[in-house]
*Asks:* 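Below is a structure I'd like to ask you about.
Labels below follow one simple rule: chain letters A, B, ... track the order of the sequence lines, proteins then strands, and each chain is numbered from 1.
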Protein chains: 2
Amino acid sequence: MQVSKTLDYALRSLTLMSSSPVSTYRMKDISEQRNIPLNYLAKIMRKLVNKGIVRSRVGPDGGYVLEKPPSDINLKDVYEAIEGEMRVVDCMDKDALCTFYESCPQIPVWDKLHVSLTDILKRTTIEDMVKQNHL
Amino acid sequence: MQVSKTLDYALRSLTLMSSSPVSTYRMKDISEQRNIPLNYLAKIMRKLVNKGIVRSRVGPDGGYVLEKPPSDINLKDVYEAIEGEMRVVDCMDKDALCTFYESCPQIPVWDKLHVSLTDILKRTTIEDMVKQNHL
DNA sequence: GTATTATGGATTTGGGAGGTCCACAATCAT
DNA sequence: ATGATTGTGGACCTCCCAAATCCATAATAC
C-alpha cells in the first residue's frame, strides 16, 4: 500500500514546472533541482509526454513545458501515466482469475478502497498541491 | 498501491474460521481449503497469533481458534498484524528524512489518502466481509 | 557542421515478497 | 513413557521488479 518513488519523482518535476507554467525546463535542471537521477528522469518524462501531460522539444533551448495549466492536471492522470491503471488487487485483472472469484468476500472491500483512492486523486490537481488547496 | 498476497491469505483464513467461530481449525485444513502454501501459512498464522487475533493450541486436536468474535476483528488490525503500521510514503518515517520535507507539497495528499484508507479498514470487520454488510 | 538537447532501447542491481525446509516443543491417547 | 499429531521459530532460497545506469541516435538551434 505504498506510493512508488517514480510517482514521487514525477510529482516533484511537475510541481517544479508549475512554478512557472509557461517556461521550458531542461531535464538536467529538473534533475538537479529536485534530486532525481538524470537518466531515470528521462524515462519518467517520456511517460508524461506520452500521456499528454507535458510537451517536449529537442535541441538547444529544448526541454519540457506543461501541456495544460496546473489546475487541469489531476493526480489520477499522473498516477496512470506512471503506473498504468490502478488495481488494488490482482484478481481484478481478467487474466489472473482467482479460484474464489465467484463468491469472494474481499472484493467489495477492495472496490471501496479503489473508489476512495481514485476519487481523491481525481479531485486533486497539481495546483492544489502547490497552493495547498482542498487539503 | 496494491494489497499483498500475504494479506489476502490472512483474510482467506480468517473468513474461513469465522464460518464457525468457536471451532478449532488445523493449519493443514486451512491450507487445503483456501489454497495457501502450508509452510507459508505457518508464518502468517504466527503473526495473527502475536497480534491476539487468533489463539493456537499444539498437539493432536490442536489448531487455531478466533480470539474474538468476527464482528470485533477489523481489517486495520489484520493489516497491521501482517504488514505493520501502514505508511503510504516512506518520508513519513523519521529515519528516511527527505530533503524537501520542510515544504513538501505532497505530504497533505498522502496524508489524506492514508486517513481515508485507514478509516475504511478500521470500519470494516471480518463479519462485515462475510455477511457483505456496509459494503 | 557543431553543440545541445531529448529519445528509446538494452542492461544491471538490490531488495523484498513469496515460498521452502527442518529441527524442535507442546500435547494427546494408549 | 512412547509415539503420533500438531504448531513454533528460524534459516534459507528464488525470482521478480522498481530503480538506476548506459549509450547510440535523432532533432533542433546557431
Side-chain angles (χ1 to χ4, degrees), chain A residues 1-13 17 23-32 34-51 53-67 79 81-84 86-87 89-91 96 98, chain B residues 1-13 17 23-32 34-51 53-67 79 81-84 86-87 89-91 93 95-96 98:
Chain A
M1 241 38 204
Q2 273 212 206
V3 157
S4 73
K5 214 163 181 175
T6 312
L7 181 57
D8 173 33
Y9 288 158
L11 292 174
R12 287 192 205 182
S13 305
M17 296 176 69
S23 313
T24 297
Y25 291 83
R26 291 184 306 145
M27 201 162 64
K28 201 181 159 210
D29 292 334
I30 299 175
S31 159
E32 282 167 4
R34 289 304 198 229
N35 243 317
I36 306 168
L38 180 63
N39 295 291
Y40 192 51
L41 180 58
K43 297 178 73 175
I44 297 173
M45 292 313 282
R46 255 180 290 146
K47 291 184 177 182
L48 296 179
V49 170
N50 290 336
K51 252 277 176 152
I53 294 173
V54 303
R55 189 173 353 113
S56 68
R57 216 175 69 240
V58 182
D61 289 349
Y64 299 95
V65 201
L66 293 183
E67 185 84 66
Y79 183 100
I82 301 301
E83 318 268 17
M86 172 156 25
R87 212 181 305 127
V89 282
D90 268 337
C91 63
C98 152
Chain B
M1 241 39 204
Q2 271 211 208
V3 156
S4 73
K5 214 164 184 173
T6 313
L7 179 58
D8 173 33
Y9 287 159
L11 292 174
R12 286 192 207 183
S13 305
M17 296 177 70
S23 312
T24 297
Y25 291 83
R26 290 184 306 145
M27 202 163 63
K28 199 180 159 211
D29 293 333
I30 300 175
S31 158
E32 282 167 4
R34 291 301 199 229
N35 243 317
I36 305 169
L38 180 63
N39 295 291
Y40 192 51
L41 180 58
K43 297 176 74 175
I44 297 173
M45 293 313 282
R46 257 180 289 146
K47 292 184 176 182
L48 296 178
V49 169
N50 289 337
K51 252 278 174 154
I53 295 174
V54 303
R55 186 171 358 109
S56 68
R57 217 175 70 239
V58 182
D61 290 349
Y64 299 95
V65 202
L66 293 183
E67 185 84 64
Y79 183 99
I82 302 300
E83 318 268 16
M86 172 158 21
R87 213 182 304 126
V89 282
D90 269 335
C91 63
D93 194 315
D95 310 330
C98 151

*Asks:* Nearest whole Å is fine: how far is D:dA18 P from B:D90 CG?
*Replies:*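 Result: 15 Å.
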*Asks:* Tell me the interatomic distance from A:K47, atom NZ, to C:dA6, atom P, rounded to whole angstroms.
*Replies:*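 Those two atoms, NZ and P, are 18 Å apart.
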*Asks:* Tell me whether the OP1 or OP2 atom of D:dT6 has a side-chain N or O from B:S56 closer than 4.0 Å.
*Replies:*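 False: B:S56 side-chain N/O out of range (4.0 Å or more) of D:dT6 OP1/OP2.
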*Asks:* Does the pair A:K5/A:D8 count as a salt bridge with the N-to-O cut at 4.0 Å?
*Replies:*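 Here A:K5 does not pair with A:D8 in a salt bridge, since their nearest N and O are not under 4.0 Å apart.
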*Asks:* Salt bridge (charged side-chain N to carboxylate O under 4.0 Å, His left out) between B:D61 and B:R57: does it pass, once the steps are laid out?
*Replies:* CA-CA 8 Å; B:D61 290 349; B:R57 217 175 70 239; 5.2 Å; no
*Asks:* Between C:dA26 atom C1' and B:D61 atom CG, what is the distance in whole Å?
*Replies:*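 One finds 13 Å between C1' of C:dA26 and CG of B:D61, rounded.
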*Asks:* Round to a whole Å and report the spacing from CG of B:D29 to P of D:dT5.
*Replies:*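 Rounded to whole Å, this separation is 14 Å.
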*Asks:* Could you walk me through whether A:Y64 and A:S13 satisfy the side-chain hydrogen bond (donor to acceptor under 3.5 Å, both in side chains) test, starting with their C-alpha distance in whole Å, then the side-chain angles of each, then the deciding distance to 0.1 Å, before giving a yes or no?
*Replies:* CA-CA 10 Å; A:Y64 299 95; A:S13 305; over 6 Å; no
*Asks:* Please enumerate all protein N or O atoms sitting under 3.5 Å from an N or O of nucleotides 16-20 of chain C, with distances to 0.1 Å.
*Replies:*
{"residue": "C:dG18", "atom": "OP1", "partner": "B:K5", "partner atom": "N", "Å": "2.9"}
{"residue": "C:dG18", "atom": "OP2", "partner": "B:T6", "partner atom": "N", "Å": "3.4"}
{"residue": "C:dG18", "atom": "OP2", "partner": "B:T6", "partner atom": "OG1", "Å": "2.6"}
{"residue": "C:dG19", "atom": "OP2", "partner": "B:Y9", "partner atom": "OH", "Å": "3.0"}
{"residue": "C:dG19", "atom": "O6", "partner": "B:K43", "partner atom": "NZ", "Å": "2.7"}

*Asks:* Just how far, in rounded Å, is P of C:dT5 from CD of A:E32?
*Replies:*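 In whole Å, C:dT5 P and A:E32 CD are 11 Å from each other.
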*Asks:* Measure CZ/A:R55 against P/D:dT28 and give the value in whole Å, please.
*Replies:*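 So the two atoms are 13 Å apart, to the nearest Å.
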*Asks:* Quick one: is C:dT7 close enough that its OP1 or OP2 comes under 4.0 Å of any side-chain N or O from A:R46?
*Replies:*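 A:R46 to C:dT7 OP1/OP2: no side-chain N or O under 4.0 Å.
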*Asks:* Between A:A10 and A:I82, which heavy-atom pair has the shortest distance, and what is it?
*Replies:*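 Residues A:A10 and A:I82, closest heavy atoms: CB-CD1, 3.8 Å.
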*Asks:* Do you know which of A:M45, A:K47, A:R46 makes side-chain contact (heavy atoms from CB on, under 4.5 Å) with A:V54?
*Replies:*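 Going through the options one by one, the only one that passes is A:M45.
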*Asks:* For B:S31 and B:L41, which heavy atoms make the closest approach, and how far apart are they?
*Replies:*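 Closest approach of B:S31 to B:L41: N-CD2, 3.6 Å.
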*Asks:* Measure CE/B:M27 against P/C:dC21 and give the value in whole Å, please.
*Replies:*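 Rounded to the whole Å, the gap is 14 Å.
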*Asks:* Could you check B:T6 against B:Y40 for side-chain hydrogen bond (donor to acceptor under 3.5 Å, both in side chains), going step by step and ending with a plain yes or no?
*Replies:* CA-CA 9 Å; B:T6 313; B:Y40 192 51; 2.7 Å; yes
*Asks:* Return whichever of B:Y25 or A:V58 has its heavy-atom-nearest nucleotide of DNA chain D closer to the 5' end.
*Replies:*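 Mapping each residue to its closest nucleotide by heavy atoms, the 5'-most match is B:Y25.
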*Asks:* What nucleotide among C:dT7, D:dG7, D:dA4 has an atom nearest to a side-chain atom of B:P60?
*Replies:*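 So the nucleotide nearest the side chain must be D:dA4.
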*Asks:* May I have the distance from A:N35 (atom CG) to D:dA19 (atom C1'), rounded to whole angstrom?
*Replies:*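 Nearest whole value for this atom pair: 15 Å.
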